[in-house]
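A quick write-up on the structure given underneath.
Residue numbers begin at 1 in each chain, while the letters A, B, ... track the order of the sequences.
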Number of protein chains: 2
Amino acid sequence: MNIKTVAEYAGVSIATVSNVVHGKKIVKASTREKVLKAIHDLNYTPNAIAQSLKARKTNTIGVVISDISNPFFSTIIRGIEDASKESGYNVILCNTDEDYIKENEYLEVLKRKQIDGIILSATGRNENLKKLKKLQIPVVYIDRIPEEIDGPLVTSDNEKISYEATQHLIAQGFRKIGIIIGSKIISTTKERLNGYIKCLQEHGIPIHEEYIAVGDSRITGGKKAMEALYKLEDRPEAVFVTNSLMTLGALDYLKSENIRYSNDVSIIGYQDQDWEADWTLITNPAITVVKQPTYQIGWKAAHQLLKHITEGEELQSKRYELPCKLIIRESTQNPRAKKESM
Amino acid sequence: MNIKTVAEYAGVSIATVSNVVHGKKIVKASTREKVLKAIHDLNYTPNAIAQSLKARKTNTIGVVISDISNPFFSTIIRGIEDASKESGYNVILCNTDEDYIKENEYLEVLKRKQIDGIILSATGRNENLKKLKKLQIPVVYIDRIPEEIDGPLVTSDNEKISYEATQHLIAQGFRKIGIIIGSKIISTTKERLNGYIKCLQEHGIPIHEEYIAVGDSRITGGKKAMEALYKLEDRPEAVFVTNSLMTLGALDYLKSENIRYSNDVSIIGYQDQDWEADWTLITNPAITVVKQPTYQIGWKAAHQLLKHITEGEELQSKRYELPCKLIIRESTQNPRAKKESM
DNA sequence: CTGTTAGCGCTTTCAA
DNA sequence: TTGAAAGCGCTAACAG
């Protein structure tokens with residue numbers, strides 16, 4: 001069903017049909033009726049592809065992330081989708097698995113498909129991003145941004161919350177504090193590590209290199225990293241695990257070795273969803289976590305992008321750091337400190 | 001950058017450019033070189049929108065689900081996206097929140113955007129689906145399908161696994177077995193309930209209506225449902241919670257009331273991701289769960305849809321039931337039965 | 001082997 | 001107030 005058929009059915013020109021559909025120009029009431037009837041009878045909907053070709057605008061944005069099945073990203077995407085829907089935009093989803101080849105492929109496809117903008121959690125390969133810049137496609141980065149690349153970034157206040165989390169552990173009386181981080185290429189990892197290091201230093205606690213365990217940001221990575229920490233001769237009394245999946249992995253290791261957290265080792269984890277409850281709450285003991293403003297990151301990123309696209313507001317190379325929260329629960333109570341205080 | 005500019009730059013016709021781009025017709029080596037150089041120099045990529053308009057084909061499918069931040073759906077979508085990528089298709093994501101108005105809106109948009117097919121977890125309103133059928137857009141349903149609607153459905157073997165889970169509880173010596181289910185409108189809910197009822201009946205255990213608690217398929221729903229069950233005078237000794245988020249909610253309630261599962265009440269939960277580990281494993285005690293083939297559901301659905309779209313293979317109104325697994329862990333050990341066996 | 005041209009469905013001048 | 005026609009970028013039939 002196309003505009004031509006509708007026009008013939010109504011006995012008018014296609015221009016008139018178009019006018020009725022968009023209500024821009026004034027159309028005589030009687031002809032409008034005829035057209036409306038035709039549209040209804042024939043169940044006509046304008047072809048958005050043809051409209052896009054004409055308007056050079058697709059009302060679609062591309063979202064490029066590493067893995068939608070990671071709750072961190074799925075919650076972000078929910079925020080993106082909600083904001084997009086509000087402005088009449090749709091979202092094309094792309095999973096890169098942190099693979100810059102896939103990233104490149106998707107970026108190419110999105111370009112071919114003439115999407116109006118991109119929200120990107122970059123893998124870290126700058127070539128892709130530089131190419132993107134040349135293309136003049138509006139981009140908002142989320143979570144992280146490679147060095148040397150400038151552009152708007154929406155992320156968490158990683159360093160700050162990491163400092164706070166570390167400080168909490170120190171306040172609980174711990175001195176031997178380990179950290180489990182993801183790939184060091186990623187800017188958020190660096191920031192989280194920085195917060196940890198800075199806090200230890202400011203409290204006069206020396207940095208032990210072997211207390212910094214690197215994982216692959218997923219469950220197995222967290223498991224292995226925790227194992228490495230636990231097998232140290234002089235093992236940490238407390239561990240800060242800096243993402244949600246690795247937290248799961250770390251606890252999986254502890255469970256498999258029958259190690260009780262908060263007795264044998266204190267844990268701070270990460271919560272990447274924005275739910276009121278999640279599994280870190282219902283474990284025994286409940287886990288102290290850093291809660292990320294995940295949904296908000298997505299929403300804000302989409303909002304900025306769409307304000308640029310629809311209202312032409314300039315896209316500044318600015319950081320938007322949304323605040324995390326430290327939710328203190330049972331897993332970081334120092335049994336020793338407790339005893340002392342009794 | 002368009003084909004015309006490339007043609008002029010290379011000093012050939014646009015048809016020739018099109019030919020070298022697609023490598024269909026034979027082009028003289030020397031002119032091919034010229035064109036290739038032009039394409040490279042000008043960084044030309046064909047405009048997929050124009051191609052789509054011509055071909056009446058967008059290489060895009062729509063995925064309509066209730067909420068991407070639900071791990072069940074995000075894992076399904078990962079499967080869909082992987083299968084789609086393989087065939088050169090992209091995915092537009094739509095969240096309905098089980099709201100048929102949103103569902104309808106998205107279906108309209110997808111139609112306007114001329115997507116080549118839809119994967120749909122239906123809200124239950126038949127009008128939307130009947131309209132869809134009229135449109136002749138290929139649809140594959142996932143997870144559930146309303147009565148009266150026929151079409152291909154990819155889902156889990158809900159009734160079977162529910163029977164199995166219930167049987168496991170009976171085998172552990174439980175007789176007072178509760179179940180927490182989602183909305184009864186949804187076909188999977190009915191199937192899970194059926195498996196439970198059938199199993200109890202076949203073992204000569206009477207059905208108590210008050211042991212069947214209905215939630216909203218999300219965390220709060222699970223929490224309230226568990227509360228209702230636990231406040232019964234004659235409360236169940238074991239509860240089967242039939243989705244992942246409600247499992248979390250149910251345990252949240254137990255935790256808040258200081259009720260130990262597997263001592264005070266046995267629990268079978270649901271795991272909706274396909275990960276090797278998840279939070280149900282690391283709780284104390286670890287939770288017996290039904291593990292859904294979530295990724296596979298998405299993959300299979302996309303595969304069927306795309307086989308139809310690209311190879312014209314007919315889309316049969318058939319059910320594909322992928323097998324769940326019952327993973328038996330600590331939360332369903334009957335303390336009483338244990339004692340007896342010692 | 002290469003070029004001309006019609007047409008995909010739509011919007012938007014411009015003229016009537 | 002309405003309509004004719006150009007053109008968005010591309011493909012494919014057809015002519016040369």
Side-chain angles (χ1 to χ4, degrees), chain A residues 1-39 42-60 88 108-116 135 137, chain B residues 1-39 42-60 88 108-116 135 137:
Chain A
M1 184 45 47
N2 58 26
I3 199 171
K4 201 178 155 203
T5 318
V6 175
E8 282 165 5
Y9 184 98
V12 298
S13 75
I14 60 170
T16 302
V17 175
S18 180
N19 284 333
V20 170
V21 167
H22 295 95
K24 282 290 203 180
K25 277 189 170 179
I26 292 165
V27 179
K28 192 164 59 164
S30 63
T31 54
R32 149 171 290 116
E33 289 312 317
K34 279 193 297 186
V35 173
L36 255 19
K37 180 170 185 322
I39 288 175
L42 301 173
N43 188 26
Y44 168 73
T45 340
N47 181 323
I49 295 297
Q51 289 176 321
S52 290
L53 182 59
K54 186 99 241 277
R56 296 143 180 276
K57 185 153 178 352
T58 52
N59 277 48
T60 305
E108 292 286 341
V109 174
L110 292 175
K111 174 192 166 194
R112 279 171 45 89
K113 291 209 167 165
Q114 316 292 120
I115 45 82
D116 298 334
L135 259 32
I137 301 177
Chain B
M1 184 44 46
N2 59 25
I3 199 169
K4 199 175 157 207
T5 318
V6 175
E8 282 164 6
Y9 184 97
V12 298
S13 75
I14 60 169
T16 302
V17 176
S18 181
N19 283 334
V20 340
V21 168
H22 295 96
K24 283 291 207 178
K25 278 189 172 180
I26 293 165
V27 179
K28 193 165 57 164
S30 62
T31 55
R32 149 171 290 117
E33 289 313 316
K34 280 193 297 186
V35 172
L36 254 21
K37 182 169 182 322
I39 289 175
L42 301 172
N43 188 25
Y44 167 73
T45 339
N47 180 323
I49 296 297
Q51 288 176 321
S52 289
L53 182 59
K54 183 102 244 275
R56 296 141 179 278
K57 187 158 178 347
T58 52
N59 277 46
T60 305
E108 293 285 342
V109 173
L110 292 175
K111 173 192 168 195
R112 279 170 46 89
K113 292 211 167 166
Q114 316 292 121
I115 47 83
D116 297 335
L135 258 32
I137 300 177

Legend entry - Option from A:V27, A:V6, A:T31 for which side chain to side chain contact (heavy atoms under 4.5 Å, CB included) with A:V20 holds: A:V27
Inset, instruction - Return the value, rounded to whole Å, for the distance between atom OH of A:Y9 and atom C1' of C:dG9. - result: 20 Å
Legend entry - Which residue lies more 5' along DNA chain D, comparing A:V27 with B:N2 via nearest heavy atoms: A:V27
Inset, instruction - For the side chain of A:R56, starting at C-beta, report the closest nucleotide among D:dC10, D:dT2, D:dC8. - result: D:dC8
Inset, instruction - Please check if the side chain of B:S52 supplies one atom and the backbone of B:K57 the other of a donor-acceptor pair under 3.5 Å. - result: yes
Inset, instruction - Look at the side chain of B:T16 and decide which nucleotide, out of C:dG3, C:dC1, D:dC10, has an atom nearest to it. - result: C:dG3
Inset, instruction - Please state whether the phosphate of C:dC10, meaning OP1 or OP2, lies under 4.0 angstrom from any side-chain nitrogen or oxygen of A:S18. - result: no
Inset, instruction - Looking at every strand, decide which applies to B:T31 at a 4.0 Å heavy-atom threshold: base, sugar-phosphate, or nothing. - result: sugar-phosphate
Legend entry - NZ on A:K54 to CD1 on A:I49, rounded to 0.5 Å: 16.0 Å
Inset, instruction - Just compare C:dT2, C:dC8, D:dA4 and give me whichever is closest to any side-chain atom of A:S13. - result: D:dA4
Inset, instruction - Could you tell me whether A:I14 contacts a base, only the sugar-phosphate backbone, or nothing, with contacts defined as non-hydrogen atoms closer than 4.0 Å? - result: base
Legend entry - Given D:dG3, C:dC10, C:dG9, the nucleotide with the shortest approach to the side chain of A:V12: D:dG3
Legend entry - Gap between atoms CD and C1', on B:Q114 and C:dC10 respectively (whole Å): 11 Å
Legend entry - Selected nucleotide, minimal atom distance to A:K25 side chain, candidates C:dT13, C:dT2, D:dC10: C:dT13
Legend entry - Nearest-Å distance for atom pair CE/P, residues A:M1 and C:dG9: 10 Å
Inset, instruction - Report the residue (B:L53 or B:A15) whose heavy-atom-nearest nucleotide on DNA chain C is the more 5′ of the two. - result: B:A15
Inset, instruction - To the nearest Å, give me how far apart CG (B:N59) and C1' (D:dT11) are. - result: 15 Å
Legend entry - Distance in angstrom units between B:R32 CZ and C:dT2 C1', rounded: 13 Å
Inset, instruction - Find the bend of the helix from C:dC1-D:dG16 to C:dA16-D:dT1 as the angle between its two terminal axes (five pairs each), to the nearest 10°. - result: 50°
Legend entry - Selection from D:dT11, D:dC10, D:dT2 that lies nearest to any side-chain heavy atom of B:N47: D:dC10
Inset, instruction - Check every atom of C:dT12, D:dG9, C:dG9 against the side chain of A:N19 and return the nucleotide holding the closest atom. - result: C:dT12
Legend entry - Gap between atoms CD1 and P, on A:I3 and C:dT12 respectively (whole Å): 11 Å
Legend entry - Euclidean distance, atom NZ of residue A:K34 to atom C1' of D:dT1 [Å, nearest integer]: 12 Å
Legend entry - Side-chain donor/acceptor of A:T45 to backbone N/O of B:R112, under 3.5 Å: no
Legend entry - Separation between CG of A:L42 and CD of A:E8, rounded to the nearest 0.5 Å: 10.5 Å
Legend entry - Which nucleotide in C:dG9, D:dC10, D:dT1 has an atom nearest any side-chain atom of A:A50: C:dG9
Inset, instruction - Mind checking A:K28 for me? I need base, sugar-phosphate or nothing, with any heavy atom below 4.0 Å counting as a touch. - result: sugar-phosphate
Legend entry - CG on B:L53 to CD on A:Q51, rounded to 0.5 Å: 11.0 Å
Legend entry - Test log, rule side chain to side chain donor-acceptor pair (under 3.5 Å), inputs A:T60 and B:K113: CA-CA 10 Å; A:T60 305; B:K113 292 211 167 166; 2.8 Å; yes
Legend entry - Listed nucleotide nearest any side-chain atom of B:Q51, set D:dC10, C:dC8, C:dT11: D:dC10
Inset, instruction - Give the rounded distance in Å between these two atoms: NE2 of B:H22 and C1' of D:dG9. - result: 12 Å
Legend entry - Donor on one side chain, acceptor on other, A:T5 and A:N2, under 3.5 Å: yes
